[in-house]
Protein chains: 2
Amino acid sequence: MSSANIKHLLLAQFARLGKALSHPNRLELLEFLAQGSRGVDELAGLSGQSVANTSQHLQQLRQAGLVQSRRQGQRVLYSLAGDDVVALMDALRRVARQHIPDVDHLVHRHLDPRDAMEPVPVDQLLERIRRGEVTVVDVRPEAEFQAGHVPGAINIPLDELEARLGQLDPGREVIAYCRGPYCVLAYDAVHNLREKGFRARRMEDGYPEWKNAGLPVEKAAS
Amino acid sequence: MSSANIKHLLLAQFARLGKALSHPNRLELLEFLAQGSRGVDELAGLSGQSVANTSQHLQQLRQAGLVQSRRQGQRVLYSLAGDDVVALMDALRRVARQHIPDVDHLVHRHLDPRDAMEPVPVDQLLERIRRGEVTVVDVRPEAEFQAGHVPGAINIPLDELEARLGQLDPGREVIAYCRGPYCVLAYDAVHNLREKGFRARRMEDGYPEWKNAGLPVEKAAS
DNA sequence: TCAATATTCAATTGATTTATTGAATATTGC
DNA sequence: GCAATATTCAATAAATCAATTGAATATTGA
C-alpha cells in the first residue's frame with residue numbers, strides 16, 4: 001500500500017469523526033453524555049427528539065468512535081468513549097468562540113459583564129467549599145444532578161430558583177455552575193441572584209470539566 | 001431570547017465547524033495550510049483536485065472560521081485562522097487514534113516497530129541540532145520545505161531519497177520529519193534509511209507542531 | 001412461555017452536499 | 001485600455017443525509 005493511499009484512508013477516518021460532529025443534535029447528545037451515562041429514552045427526552053431519531057444519531061456517534069454503549073437490563077446505556085472526546089469538544093468550542101464572531105457575540109450578550117470578569121477558577125473553589133465559605137448551586141435539571149455533581153452542591157434547577165431563594169443563606173456567596181463553559185444556565189442564575197441582592201458568581205467551566213479534571217464527585221443515593 | 005434558543009444557536013455554530021471538518025479534502029487542505037500560507041492554485045496542485053473545487057472547499061473552511069484569506073497581488077493567500085485550529089486537528093487525530101481501531105492499525109502496520117519506540121522528542125532535538133550531532137532531513141516536497149522548515153534541515157523529498165543518499169554522512173544519525181504525527185513519509189524514510197545501513201529515527205510530530213511550539217524556523221530565500 | 005418495555009432496523013420522502021463544467025470577476029503588466 | 005492570469009461564481013446531476021413511520025428484536029417480570 002502506498003503512502004498516499006494510507007494518507008487518504010486516514011483522512012477519510014478523520015473526516016468520519018468530523019461528520020459525527022456536524023449535526024447539532026449529535027453535539028447536544030455529546031454534551032449530555034459528558035455528564036454521565038444515559039439511556040436512549042432519557043436522551044430522547046432531554047433533547048426533545050423522537051426515540052428512533054435519537055437512536056440513529058447515537059449509532060452514528062458510536063460508529064465514529066465518540067461514544068460507546070453497554071447493555072444494562074432492558075436499557076442500553078451510552079457514554080463517551082473517553083476523556084479525549086471532552087477535550088475534542090472543548091477544542092471545537094474554543095475555535096468557535098475565537099473565530100466565529102456570532103458565537104462570542106451570543107455568549108457575551110447574555111451575560112452580565114461582571115460575570116465574565118469574575119468566574120471562579122475550579123482549583124480555588126474546592127478549597128473554599130471545604131471551608132464552608134460558599135454555597136454551591138447546581139442549576140442543571142434534577143436528573144443530571146443525580147447522575148453526579150460537585151460535592152456539597154445543592155440542586156436548584158433554574159426554573160425553581162426564584163421559588164427556592166429561601167434555601168440560600170444571604171450572607172454567603174453563591175457559586176452557580178451547570179454543564180460547561182458555554183452553558184448559559186449558570187449565567188442566567190447569577191444574573192437572577194444578583195437582582196435579588198445575593199453575592200453570586202459562576203464557576204468557570206461546568207460539571208464535565210470538573211469531573212474530567214479528576215476532582216471529587218458526589219452522586220445521589222440510588 | 002430564551003436560554004434554550006441560545007443553546008441551540010450555539011450548537012448550530014459548533015455543528016457548522018464540525019461540518020467543515022467532515023470532508024477528507026478539506027482536512028487535507030487544512031494540513032497543508034498548517035505548514036504555511038498557500039494560494040488556491042498551489043493547494044489544488046498539492047491535493048490533486050480541480051481549482052474550482054479547491055476554491056469552494058476553501059470558502060467553506062473560511063465561512064466556518066477555520067481559515068482566513070488575504071489578497072496579495074493576483075493571488076489569494078489562504079492560511080489557518082489561528083493556532084487553536086492546529087490544536088483542534090490534533091484533538092481530532094488523537095480521538096481517532098484512540099477510538100477507531102482502523103486508524104491505530106493503519107499507522108502501526110506501516111512502521112517499523114522500533115520507529116514507534118524511538119521518536120525523537122522535539123525539545124531534545126533543537127539542542128542536538130545546535131551541537132551538530134545529527135543530520136535533519138525534511139522529506140516533504142520541495143515547495144513545502146521552502147515555505148518554512150526546521151533550521152539546518154536539508155530537503156530530500158521521499159522520492160529522491162535513494163538517489164541522494166550520498167549527501168548524507170553515514171556516521172551521523174539521521175532524523176527525518178514531515179507534516180505531522182500522522183504523516184507517513186517520515187516513517188517510510190526511516191525505514192528506507194535503516195535498510196541502507198544508516199542510523200535513522202523520526203522526529204516526533206512534524207513541522208506544523210514544531211512551528212506551533214514557537215521553535216525557530218528557517219525559510220528559503222525568496 | 002407470554003405480555004410489556006426499551007431499543008433498533010428498514011423504507012420512504014425531502015433536503016443537503018459534492019464534483020464538474022463553463023462563465024464571470026479582479027488584478028497585473030504591457 | 002487590453003490581454004493574461006488567478007480566483008470565484010452559477011448551474012447541473014449524482015450521491016448522501018435527516019426525520020418520520022411502522023415493524024422487528026431483545027430483555028424483564030409475571
Side-chain angles (χ1 to χ4, degrees), chain A residues 8 11-30 32-33 36-79 143 147 222, chain B residues 8 11-30 32-33 36-79 143 147 222:
Chain A
H8 287 105
L11 285 172
Q13 298 294 333
F14 300 155
R16 184 190 287 193
L17 258 184
K19 201 170 293 179
L21 300 173
S22 73
H23 197 283
N25 282 9
R26 286 194 287 271
L27 290 175
E28 189 176 20
L29 291 174
L30 286 176
F32 287 128
L33 290 174
S37 297
R38 295 287 152 79
V40 178
D41 188 44
E42 197 177 358
L43 287 166
L46 285 169
S47 64
Q49 52 180 334
S50 74
V51 171
N53 207 1
T54 305
S55 174
Q56 292 188 58
H57 280 305
L58 284 169
Q59 276 168 82
Q60 284 191 56
L61 288 171
R62 188 178 51 197
Q63 280 171 20
L66 289 169
V67 310
Q68 56 196 179
S69 65
R70 64 179 196 281
R71 183 145 219 141
Q72 196 176 57
Q74 295 170 275
R75 307 201 316 153
V76 174
L77 288 183
Y78 280 85
S79 54
S222 58
Chain B
H8 286 105
L11 285 172
Q13 298 294 333
F14 300 155
R16 183 190 287 194
L17 259 184
K19 199 169 293 176
L21 300 172
S22 73
H23 197 283
N25 283 8
R26 286 194 287 272
L27 290 175
E28 188 175 22
L29 291 173
L30 286 176
F32 288 127
L33 289 175
S37 297
R38 295 286 153 78
V40 178
D41 189 45
E42 197 177 356
L43 288 166
L46 286 169
S47 64
Q49 53 181 332
S50 74
V51 171
N53 207 1
T54 304
S55 173
Q56 292 188 60
H57 280 304
L58 284 170
Q59 276 168 83
Q60 284 191 55
L61 288 171
R62 188 179 50 195
Q63 281 171 19
L66 289 169
V67 310
Q68 56 197 181
S69 65
R70 64 178 197 281
R71 183 145 218 142
Q72 195 177 58
Q74 297 169 275
R75 309 201 313 154
V76 174
L77 288 184
Y78 281 84
S79 54
S222 58

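Keep in mind that the numbers below use all heavy atoms, side chains included, and drop hydrogens, waters and symmetry copies. What you see is a predicted model, and the numbers here were worked out from it, not measured in a lab. Residue numbering restarts at 1 for every chain, and letters A, B, ... go by the order of the sequence lines.
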Would you say a side-chain N or O of [X] is under 4.0 Å from OP1 or OP2 of [N]?
X	N	value
B:Asn25	C:dA19	yes
A:Ser55	C:dT7	no
B:Arg71	D:dT7	no
B:Gln60	C:dT18	yes
A:Tyr78	C:dT8	yes
B:His23	C:dA19	yes

Checklist entry - Between the side-chain atoms of B:Gln56 and the base atoms of C:dT20, is any donor-acceptor pair under 3.5 Å? => result yes
Item to check | Between NE2 on residue B:His8 and CG on residue A:Leu27, distance to nearest 0.5 Å | outcome: 11.0 Å
Minimum side-chain heavy-atom gap [X]-[Y] below 4.5 Å:
X	Y	answer
A:Gln60	A:His23	no
A:Glu28	B:Phe14	no
A:Glu42	A:Phe32	no
A:Ser47	A:Asn25	no

Give the rounded distance in Å between these two atoms: [atom1] of [X] and [atom2] of [N].
X	N	atom1	atom2	result
A:Leu77	D:dA26	CG	P	19 Å
B:Leu58	D:dC9	CG	P	12 Å
A:His57	D:dA18	NE2	P	6 Å
A:Gln72	C:dT7	CD	C1'	15 Å
A:Asn53	C:dA10	CG	C1'	15 Å
A:Arg75	C:dA6	CZ	P	9 Å
B:Leu29	C:dA19	CG	P	11 Å
B:Arg70	D:dT8	CZ	P	14 Å

Item to check | Proximal nucleotide (of C:dT17, D:dT7, C:dC9) relative to the A:Ala52 side chain | outcome: C:dC9
Item to check | Nearest-nucleotide pick for A:Val76, side chain only, options being D:dA18, D:dT7, C:dT7 | outcome: C:dT7
Checklist outcome for this item: DNA chain C nearest-nucleotide lookup for A:Gln59 and A:Gln74: closer to the 5′ end is A:Gln74
